[in-house]
Amino acid sequence: MQALLRPPNRLLQILPAAEFQSLSPHLETVELAKGSVLTEAGARLPYVYLPHSGVVSMMVGLSEGQTLEVAMLGRDSLVGAAAGLDAGPALTDAIVVVPGMASALKAADLRAEADRSSVLRKHLARHEQALLVQAQQSAACNASHSVESRLSRLLLRARDLCDSEGLPLTQEFLAQMIGVRRNAVSIVAHAFQQAGLVSYSRGRSKSGISTVCEGRPANVTRWSGCNANGC
């Protein structure tokens, strides 16, 4: 029997053949439009998304009206994976920040498949553990590191997920994601540009950021302001 073609999502790529074959009839390909809200904190999760491309930001709202990113998901992740383990509500908002495509299925179908497959349950549990680690690292970084490091870390993660030479992220939204005022991002971005590390505009932009969270050197080749194309 011919093997089923697998979408470019990490979980779907690594599932054993039997688990993927059982899950496949429930999957449909959907567009992740920029700005789409995939989950809302406190609401039930009717669907689970397995991105093929694009970037999804997991955001929490603060009492002062600010928002803050706690995790960034893409083709290496699932949006709403916890719904495959129980029927509880979403803990964060999930907002598409870079458009792309995804496989989607009903949360109830994923739970039914997870109930039948210990392998799938194990992968979902490990995903939630990895998501917790990312959230903890984000909290530590936001509490301890400079705006320069926080912005660099965010851009590097987005670039890795998008695998693109351009990121359609505005300074205003970047500020929301790291929990600072827009003028702080503008100052840092200007300093990066003056140092030859970043260029940005309303079109394509180039960068070579070398200072990131925890001092690990890395590179981002490009990022852009608004009106740029997605991945």
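L161 is connected to V98 through a chain of hydrophobic side-chain contacts under 4.5 Å among Ile, Leu, Val, Met, Phe, Trp and Tyr, so both are in one cluster. The cluster map of Ile, Leu, Val, Met, Phe, Trp and Tyr, joined by side-chain heavy atoms under 4.5 Å apart, puts V180 and L169 in the same cluster. Neither V60 nor V133 shares a network with the other; the hydrophobic side chains, linked directly or stepwise wherever heavy atoms of I, L, V, M, F, W or Y lie under 4.5 Å apart, form separate groups for each. Residues F173 and V147 fall within the same hydrophobic cluster, defined by Ile, Leu, Val, Met, Phe, Trp and Tyr side chains chained together at heavy-atom separations under 4.5 Å. Under a hydrophobic clustering in which Ile, Leu, Val, Met, Phe, Trp and Tyr are joined whenever their side-chain heavy atoms come within less than 4.5 Å, directly or via other members, V37 and M177 fall into the same cluster.
In this structure, E19 CD and L12 CG are separated by 12.5 Å, a value rounded to the nearest 0.5 Å. Taken to the nearest 0.5 Å, the CE atom of M101 stands 7.5 Å off from the CG atom of L32. A distance of 11.5 Å separates SG in C162 from CG in L155, rounded to the nearest 0.5 Å. The distance from the CG atom of L11 to the CZ atom of R126 is 12.0 Å, given to the nearest 0.5 Å. Residue E31 holds its CD atom at 9.5 Å from OG of S53, rounded to the nearest 0.5 Å. Here H145 contributes atom NE2 and R153 contributes atom CZ; the two are 9.5 Å apart, rounded to the nearest 0.5 Å.
Here the side chain of T67 pairs no donor or acceptor atom with the backbone of G61 at under 3.5 angstrom. Of the possible polar contacts, none joining the D109 side chain to the H26 backbone as a donor-acceptor pair under 3.5 Å is found. Distance alone, capped at 3.5 Å, places no donor-acceptor pair between the R111 side chain and the L85 backbone.
For the pair L105/L50, a side-chain contact is recorded, criterion being any heavy-atom separation below 4.5 Å from C-beta on. L15 is listed as a side-chain neighbour of L120, based on a closest heavy-atom distance under 4.5 Å. In this structure, the side chains of V70 and T92 come closer than 4.5 Å at one or more pairs of heavy atoms. K34 is not listed as a side-chain neighbour of V97, based on a closest heavy-atom distance of 4.5 Å or more. E113 is listed as a side-chain neighbour of S22, based on a closest heavy-atom distance under 4.5 Å. Side-chain contact between P168 and P99 is present, with at least one heavy-atom pair separated by less than 4.5 Å. Using a 4.5 Å heavy-atom threshold, the side chains of L154 and L174 count as touching. Looking at heavy atoms from C-beta onward, V56 lies in side-chain contact with L38 at the 4.5 angstrom threshold.
Scanning all heavy atoms of the two residues, the minimum distance from A114 to L124 falls at CB-CD1, 4.0 Å. The two atoms that bring R75 and P8 nearest to each other are CB-O, 3.7 Å, heavy atoms only. Of all non-hydrogen atoms in A90 and L45, the two that sit nearest each other are CB-CD2, 3.6 Å. When all heavy atoms of R150 and G179 are compared, the pair lying nearest together is NH2-O, 4.2 Å. Here the shortest heavy-atom pairing between M58 and A94 reads SD-CB, 3.7 Å. Contact between N9 and G74 at its shortest, heavy atoms only, is ND2-O, 4.3 Å.
Pairs of residues two or more places apart, or lying in two chains, that qualify as side chain to side chain donor-acceptor pair (under 3.5 Å) and include a residue from residues 41-52 are H52-S103.
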From CA spacing to verdict: side-chain contact (heavy atoms from CB on, under 4.5 Å), L131, L73: CA-CA 9 Å; L131 187 60; L73 308 182; 3.5 Å; yes
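Residue R10 places its CZ atom among 12 or fewer non-hydrogen atoms of other residues, nucleotides or ligands, all under 6.0 Å distant. In the displayed structure, I14 atom CD1 is contacted under 6.0 Å by more than 12 heavy atoms of other residues, nucleotides or ligands. Few gaps surround CD on Q13; more than 12 heavy atoms of other groups in view lie less than 6.0 Å from it. Taking a 6.0 Å sphere around CZ of R181, one finds it holds 12 or fewer heavy atoms contributed by other residues, nucleotides or ligands.
Between E69 and S138, the side chains place no donor N or O within less than 3.5 Å of an acceptor N or O (distance only, hydrogens not considered). Judged purely by distance below 3.5 Å, without hydrogens or angles, the side chains of S146 and E148 pair a donor atom with an acceptor atom.
Checked for salt-bridge contact, D76 and R157 meet the test: a charged N lies under 4.0 Å from a carboxylate O.
Hydrophobic side-chain contacts under 4.5 Å tie I187 to no other Ile, Leu, Val, Met, Phe, Trp or Tyr residue.
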